[in-house]
Each structure stands twice: as structure tokens, then as C-alpha cells.
Visitor: 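Sharing a structure below in C-alpha cells format, with a few things to ask.
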Amino acid sequence: MNTTTTIELDKGEPDTSMIPYDLVIKATEEIFADENGRNQGTYWGYPCYAGNLEFRQHIADFLRQTCSVSTLTFENIFITNGVSAILDQLCTMFLRAGDTVLVECPTYLYTLDLFRDHHVHIVSCSTDEDGLILDSTFVTDILERKKPKMIYLIPTFQNPAGFTMSHERREQLVKLSVKYNFIIVADEVYHLLNYDKNDHPRSFASYHNEKTVIALHSFSKVLPPSLRLGFACAHQELVHAMSQYGMIESGGGASPFVSGIVDRILVQGLLKKFLHEKLCIEYSKRMQVLYDELMKTFSNENITCRQPSGGYFLWVKFNDTTVDCDQLLVIAQKHGVKFQPGRLFAHSTKAKAELVHFIVAGKEDETTLRTFSDPHRKILQRGGTEGLIIAVPKSLVPLNYIHIWHDNSGQRDKTS
């Protein structure tokens with residue numbers, strides 16, 4: 001089938017007809033014409049580690065206008081090359097192999113791969129209409145027992161389920177992060193895509209005075225994704241720590257040229273105007289059409305579907321649990337429609353259980369993290385014997401210990 005006729009509901013990116021090319025072109029032309037900028041190297045040299053100071057302050061001003069975050073200053077803003085890049089950096093800064101990371105179920109599918117690359121223990125947590133469920137079970141079975149180092153969540157117009165975490169739960173989670181000493185990484189890339197104009201819970205950027213909260217934002221959902229630009233909001237000590245990251249010190253911060261383009265769009269009030277007068281209005285219409293057609297075609301008898309008030313995503317559950325969404329996708333593609341099966345947004349403990357991680361430590365040195373797996377059989381079976389040979393750069397004799405772990409997650413007393 002010709003791809004131009006395919007309705008691609010499997011991607012979370014702006015429709016090309018909704019990209020404000022005119023704003024980007026105008027801002028770019030202004031930068032090339034800025035003689036002072038050329039003389040001072042504002043857009044043409046290596047950037048400051050945390051990003052251009054004026055741009056950071058303009059972002060703080062923008063968040064005051066759009067998200068009612070009144071206490072932010074440039075010291076709370078760190079410019080990034082998009083959310084994925086800064087999330088990978090935060091994993092390196094705050095996590096070690098074997099640490100526990102909490103995610104919502106469901107969650108953004110590619111973040112799961114990112115966490116797996118860091119060899120952390122992923123624990124999926126239950127959600128409902130108000131976001132992450134923070135009941136006594138969450139505290140006792142997860143926080144106290146698993147001792148997470150980080151929790152990653154998408155609190156507003158969540159990807160993929162569309163729910164928005166309530167204000168009360170945000171407050172509760174921040175208090176728990178302080179008490180149990182874990183980092184909250186709030187992915188808020190959809191926060192500005194509010195379609196019904198009603199007030200929704202405030203951004204996690206509002207909690208920037210806490211040293212346990214980092215709110216991540218991106219311009220990729222409202223401007224061309226190719227700009228690869230975003231920002232993190234956090235306590236100034238956390239911003240300083242991000243600035244001292246080795247890769248940032250070596251290569252500099254996010255692109256000053258791209259920052260200059262977005263800065264001009266912000267300062268002139270053009271992004272706020274574009275959001276309110278065009279983007280949110282058009283996306284709201286499209287969201288309504290899709291929801292209405294789904295309910296008309298399948299009805300409440302066959303599906304459960306939350307109607308979000310913003311963001312990109314509709315989450316559809318078939319009431320008949322025997323429906324195979326992978327087979328449904330094959331049929332849908334024949335009719336020119338693509339979507340993502342829900343299973344991709346859930347962490348698979350079965351897949352993780354088939355990977356075994358270990359470190360061998362001697363008196364003078366230890367190995368790097370090694371991963372043991374076999375694509376043809378299950379390993380570490382009860383009563384079984386495993387043999388492996390590993391190469392090390394130098395002798396580890398005498399051996400002190402072997403640190404070995406794998407994910408054998410289960411429910412309550414089934415967990416190990």
C-alpha cells in the first residue's frame with residue numbers, strides 16, 4: 001500500500017501540516033542578520049554548559065505565563081538536546097547497574113529500552129484515571145521493600161494512556177520522594193497541549209525547590225522535532241550537577257544556534273500564540289473526531305476508551321480480553337491504519353528474567369558489568385548448573401565475591 005494513504009496512529013510526533021515553518025524561518029533569518037550576535041559569538045560558538053543564560057531566563061518567564069510557575073529563574077533551567085538525551089544522562093548520573101527504577105504501567109515504550117541499556121531493575125506500578133496509585137501497598141511493597149533510586153512518569157496527558165495525575169497525588173509523591181530519597185523524573189512534553197483550557201494540575205517544575213524533582217520538557221511536540229531541543233527544570237544544585245557532566249564539559253551544552261531560533265520565537269510571544277490560537281484548537285478537533293469514530297464503531301459494549309483533554313494519545317481497551325491486538329494490527333494495516341499494540345508499553349518481567357547480570361570482584365579489581373543469556377533456553381533453572389568463561393584484562397585472584405542478579409519480579413510473596 002502507498003504510505004501516503006496510511007493513517008499513522010503509531011507515532012507521537014507533530015503532523016507536518018501543523019509545523020510552524022514560518023516562525024522558524026523568520027527566527028532563523030533574524031539570527032543570520034544579527035550582527036551583534038556574530039560579533040559576540042552568541043549563536044556561533046560552543047555554548048555555556050547549562051545553555052544560554054538569557055534563553056534560560058526566557059524559558060522561566062514562559063513557564064510563568066503558561067504554567068503559573070512563578071518562582072523559577074534561569075538557575076533552575078538546563079537546556080537539553082531533547083528529553084531522551086537528558087534522561088540517558090540522568091541515568092548515568094544517578095543510577096548504577098542493578099538499581100531499581102519505577103515506571104507507570106503502561107509507559108512510554110522507548111524509555112523501557114533506555115532503562116534496559118543501563119541494566120537497571122524496572123518495576124511497573126499500577127495506574128488509574130488519576131495517574132500513579134500511591135496507596136499503602138505502593139509504600140510498603142515498593143518503596144520500603146524495593147528501595148527505588150528513581151521514578152519515571154509522564155504526569156500530564158500521559159503517553160500512551162492519556163490520563164493526568166491529580167494534584168493531590170503529585171503532592172503526595174513529592175513528599176514520598178523526600179522521605180524515601182528517590183529522584184522523580186517527570187516527562188512533561190505534553191503539558192502545554194491542553195485542549196479544554198481548564199486548569200490542570202501544575203507542572204512538576206513547581207517543585208523545583210525540592211532536590212528530588214526534575215521536570216523534563218521538549219519543544220519537539222510543538223515545533224519541528226528536528227530542532228532536538230528541550231529543557232529540564234530542577235533545583236539549582238541539580239542544574240549545576242547536570243552542567244558538570246563529563247560529556248557536557250567536553251562538548252558543551254545544547255546547540256546555541258537552535259537555542260537562538262527558539263528563543264526568538266519565545267520572546268516575541270509567538271509560541272504561546274501558536275499554541276492557543278492554532279495547535280491546541282486543531283489537535284482538539286482531531287482528538288474529538290478519532291474518539292467519536294472509535295465509540296461509534298465499537299461502542300461501550302466492546303471497548304473502554306478514556307477521552308483525554310490534551311496530548312497526543314488515546315488508549316483503547318477491548319472488553320473482550322481474547323482480542324489479539326497484534327492480529328488486529330495486521331488487519332488494520334490492510335485498511336491503511338497503523339497503531340501500537342498495548343503490550344509494547346508494559347515492562348516484560350519474563351524477558352528480563354532471561355537476562356542474568358553479574359560482577360566478579362577480586363582483591364585489587366573487579367570486572368565491568370557482564371550479562372549472561374541464552375536465546376535457545378532458559379538459564380538459572382532450579383537444580384541446574386551453568387558454565388561460562390569470561391575474559392578479564394588482568395588477574396582477579398584472590399576472588400572476594402560475585403555480585404549476581406536477575407529480575408524475578410512477581411506479585412507480593414512471589415517477588416524475589
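All values below were derived from every heavy atom in this structure, side-chain atoms included, with hydrogens, water molecules and symmetry-related copies excluded.
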Visitor: Strictly distance-based, threshold 3.5 Å: is any side-chain N or O of S206 a donor or acceptor partner for the main-chain N or O of S203?
Guide: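 Between the backbone of S203 and the side chain of S206 there is a qualifying donor-acceptor contact (under 3.5 Å).
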Visitor: By salt bridge (charged side-chain N to carboxylate O under 4.0 Å, His left out), which residues pair with K11, not counting sequence neighbours?
Guide: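 E8.
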Visitor: Could you list the residues that satisfy ring-ring contact (aromatic ring centres under 6.0 Å, His included) with F204, not counting sequence neighbours?
Guide: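 With neighbours one apart ignored, the set is Y207.
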Visitor: Please check this pair: side chain of Y152 against backbone of D187, looking for a donor-acceptor N/O pair closer than 3.5 Å.
Guide: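 Here the side-chain-to-backbone pair does not exist.
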Visitor: Quick one: do D99 and R96 satisfy salt bridge (Lys or Arg N to Asp or Glu O under 4.0 Å)? Show the steps, please.
Guide: CA-CA 6 Å; D99 285 345; R96 295 295 177 266; over 6 Å; no
Visitor: Could you tell me which non-hydrogen atom of P14 sits nearest to which non-hydrogen atom of P225, and how far apart they are?
Guide: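 Scanning both residues completely, I find the closest heavy atoms to be CD-CG, 3.6 Å.
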Visitor: Does atom NE2 of H240 have more than 12 heavy-atom neighbours from other groups under 6.0 Å away?
Guide: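 No, NE2 of H240 has 12 or fewer neighbouring heavy atoms, counting only those of other groups under 6.0 Å.
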Visitor: Hey, is the main chain of S255 close enough, under 3.5 Å, to the side chain of S259 for a donor-acceptor pair?
Guide: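 Between the backbone of S255 and the side chain of S259 there is a qualifying donor-acceptor contact (under 3.5 Å).
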Visitor: Are the side chains of V189 and F219 in contact, using a 4.5 Å heavy-atom criterion?
Guide: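 Of all side-chain heavy-atom pairs linking V189 with F219, none is under 4.5 Å.
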Visitor: Which pairs of donor and acceptor atoms, one on a side chain in residues 157-167, lie under 3.5 Å apart (sequence neighbours left out)?
Guide:
from	atom 1	to	atom 2	distance (Å)
Q158	OE1	A161	N	2.8
Q158	NE2	E104	OE1	3.1
Q158	NE2	P106	O	2.7
N159	ND2	Y190	OH	3.4
T164	OG1	F157	N	3.2
S166	OG	R169	N	3.3

Visitor: Of the non-hydrogen atoms in C105 and T127, which two are nearest, and what is the gap between them?
Guide: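 Looking at all heavy atoms of both residues, the shortest contact is O-OG1, 2.9 Å.
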Visitor: The test is side-chain contact (heavy atoms from CB on, under 4.5 Å); show your working for M150 and L95 and say whether it passes.
Guide: CA-CA 8 Å; M150 178 185 290; L95 301 175; 4.0 Å; yes
Visitor: Is there a side-chain contact between R202 and E171 (heavy atoms, below 4.5 Å)?
Guide: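 Counting from C-beta outward, R202 and E171 do come under 4.5 Å.
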Visitor: Carefully, step by step, assess R286 and D15 under the rule salt bridge (Lys or Arg N to Asp or Glu O under 4.0 Å).
Guide: CA-CA 11 Å; R286 297 184 185 192; D15 185 87; 3.8 Å; yes
Visitor: If every non-hydrogen atom of S309 is compared with every non-hydrogen atom of N194, which pair is closest and at what distance?
Guide: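 In terms of heavy atoms, the two residues are closest at O-OD1, 3.7 Å.
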Visitor: For residues 82-94, which side-chain donor-acceptor pairs fall under 3.5 Å, sequence neighbours excluded?
Guide:
from	atom 1	to	atom 2	distance (Å)
D88	OD1	H118	NE2	2.8
Q89	NE2	M242	O	3.1
T92	OG1	D88	O	3.2

Visitor: What residues, two or more places apart in sequence or in another chain, satisfy side-chain hydrogen bond (donor to acceptor under 3.5 Å, both in side chains) together with E249?
Guide: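 With neighbours one apart ignored, the set is empty.
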Visitor: Inspect the contact between R343 and D326 and indicate whether a charged nitrogen and a carboxylate oxygen are less than 4.0 angstrom apart.
Guide: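 Judged by the 4.0 Å cut-off on N to carboxylate O distance, D326 and R343 do form a salt bridge.
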Visitor: When you measure from the side chain of T28 to the backbone of V24, do you find a donor-acceptor pair of N or O atoms at a distance under 3.5 Å?
Guide: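 Present.
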Visitor: Taking CD in E54 as the centre, count heavy atoms belonging to other residues, nucleotides or ligands within less than 6.0 Å. Is the count above 12?
Guide: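 Open.
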Visitor: Please round to the nearest 0.5 Å and tell me the distance separating atom CG of L275 and atom SG of C280.
Guide: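 The CG atom of L275 sits 5.5 Å away from the SG atom of C280.
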Visitor: With a 4.5 Å cut-off on side-chain heavy atoms, are V101 and P148 touching?
Guide: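 No. Closest side-chain heavy atoms not under 4.5 Å.
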Visitor: Please output the side-chain donor-acceptor pairs of residues 227-238 that fall under 3.5 Å, not counting sequence neighbours, one pair per line with the distance.
Guide:
from	atom 1	to	atom 2	distance (Å)
H235	ND1	E237	N	3.0
E237	OE1	K211	NZ	3.2
E237	OE2	K211	NZ	3.1

Visitor: Is there a side-chain contact between F74 and I59 in this structure, where contact means two heavy atoms from C-beta onward sitting under 4.5 Å apart?
Guide: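 Sidechains of I59 and F74: no contact.
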Visitor: Listed by chain and number, what are the side-chain hydrogen bond (donor to acceptor under 3.5 Å, both in side chains) partners of D61, not counting sequence neighbours?
Guide: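 In terms of side-chain hydrogen bond (donor to acceptor under 3.5 Å, both in side chains), with neighbours along the sequence ignored, D61 is linked to Q57, R64.
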Visitor: Spell out, as yes or no, whether a donor-acceptor pair under 3.5 Å connects the side chain of Y312 to the backbone of K221.
Guide: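 Here the side-chain-to-backbone pair exists.
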Visitor: Do H347 and S124 pair up side chain to side chain, a donor and an acceptor below 3.5 Å, judged on atom types alone?
Guide: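 Short answer, no.
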Visitor: Does a side-chain heavy-atom distance below 4.5 Å link F345 with L112?
Guide: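 F345 does not reach L112 side chain to side chain.
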Visitor: Is there a side-chain contact between N81 and V258 (heavy atoms, below 4.5 Å)?
Guide: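 In short, these two side chains do not touch, never coming nearer than 4.5 Å.
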Visitor: I'd like to know whether K338 forms a side-chain contact (heavy atoms from CB on, under 4.5 Å) with I7, so could you lay out the CA-CA distance, the side-chain angles of the two residues, the decisive distance to 0.1 Å, and finally the verdict.
Guide: CA-CA 6 Å; K338 289 183 179 180; I7 301 174; over 6 Å; no
Visitor: Using every non-hydrogen atom in the two residues, find where Y195 and G310 come nearest and quote the distance to one decimal.
Guide: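 Answer, listing the atom of Y195 first, then G310: CD1-CA, 3.3 Å.
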Visitor: Mind checking what makes side-chain hydrogen bond (donor to acceptor under 3.5 Å, both in side chains) contact with Y291, not counting sequence neighbours?
Guide: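 For Y291 there are no side-chain hydrogen bond (donor to acceptor under 3.5 Å, both in side chains) partners, ignoring immediate neighbours.
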Visitor: I want to check something: taking the side chain as every heavy atom from C-beta on, are V316 and L294 in contact at a cut-off of under 4.5 Å?
Guide: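 Yes - at least one pair of side-chain heavy atoms lies under 4.5 Å apart.
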Visitor: Is the backbone N or O of V103 less than 3.5 Å from a side-chain atom of T107, with the two atoms forming a donor-acceptor pair by type?
Guide: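 Checking the backbone N and O of V103 against the side chain of T107, no donor-acceptor pair under 3.5 Å is found.
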Visitor: Which residue pairs pass the side chain to side chain donor-acceptor pair (under 3.5 Å) test when at least one of the two sits in residues 263-272, sequence neighbours left out?
Guide: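 Found K26-Q268, E30-R264, E30-Q268, D34-R264, Y43-R264, H58-D263.
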Visitor: Only distances under 3.5 Å count here; give the side-chain donor-acceptor pairs of residues 175-184 to other protein atoms, sequence neighbours excluded, each with its distance to 0.1 Å.
Guide:
from	atom 1	to	atom 2	distance (Å)
S177	OG	V174	O	2.6
S177	OG	T212	OG1	2.7
Y180	OH	E144	OE2	2.9

Visitor: Using the rule given for side-chain contact (heavy atoms from CB on, under 4.5 Å), can you reason through R56 versus I79, listing the C-alpha separation, both sets of side-chain angles and the distance that settles it, and then say yes or no?
Guide: CA-CA 7 Å; R56 291 158 63 198; I79 308 302; 3.8 Å; yes
Visitor: Could you please spell out the steps behind the side-chain contact (heavy atoms from CB on, under 4.5 Å) verdict for T16 and Y21?
Guide: CA-CA 9 Å; T16 54; Y21 299 105; 4.0 Å; yes
Visitor: Please report the interatomic distance CZ(F138) to CD(Q172), rounded to the nearest 0.5 Å.
Guide: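 If I round to the nearest 0.5 Å, the distance is 8.5 Å.
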Visitor: With E188, which residues qualify under salt bridge (charged side-chain N to carboxylate O under 4.0 Å, His left out), at least two apart?
Guide: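 Applying salt bridge (charged side-chain N to carboxylate O under 4.0 Å, His left out) to E188 gives R170.
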Visitor: Ring centroid separation for F257 and F32, is it under 6.0 angstrom?
Guide: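 Ring centroids of F257 and F32 are less than 6.0 Å from each other.
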Visitor: For residues T100 and K149, determine if any side-chain heavy atom of one lies less than 4.5 Å from a side-chain heavy atom of the other.
Guide: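 No, side chains not in contact.
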Visitor: Which residues pass the salt bridge (charged side-chain N to carboxylate O under 4.0 Å, His left out) test with D117, not counting sequence neighbours?
Guide: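 Partners of D117 under the salt bridge (charged side-chain N to carboxylate O under 4.0 Å, His left out) test: none.
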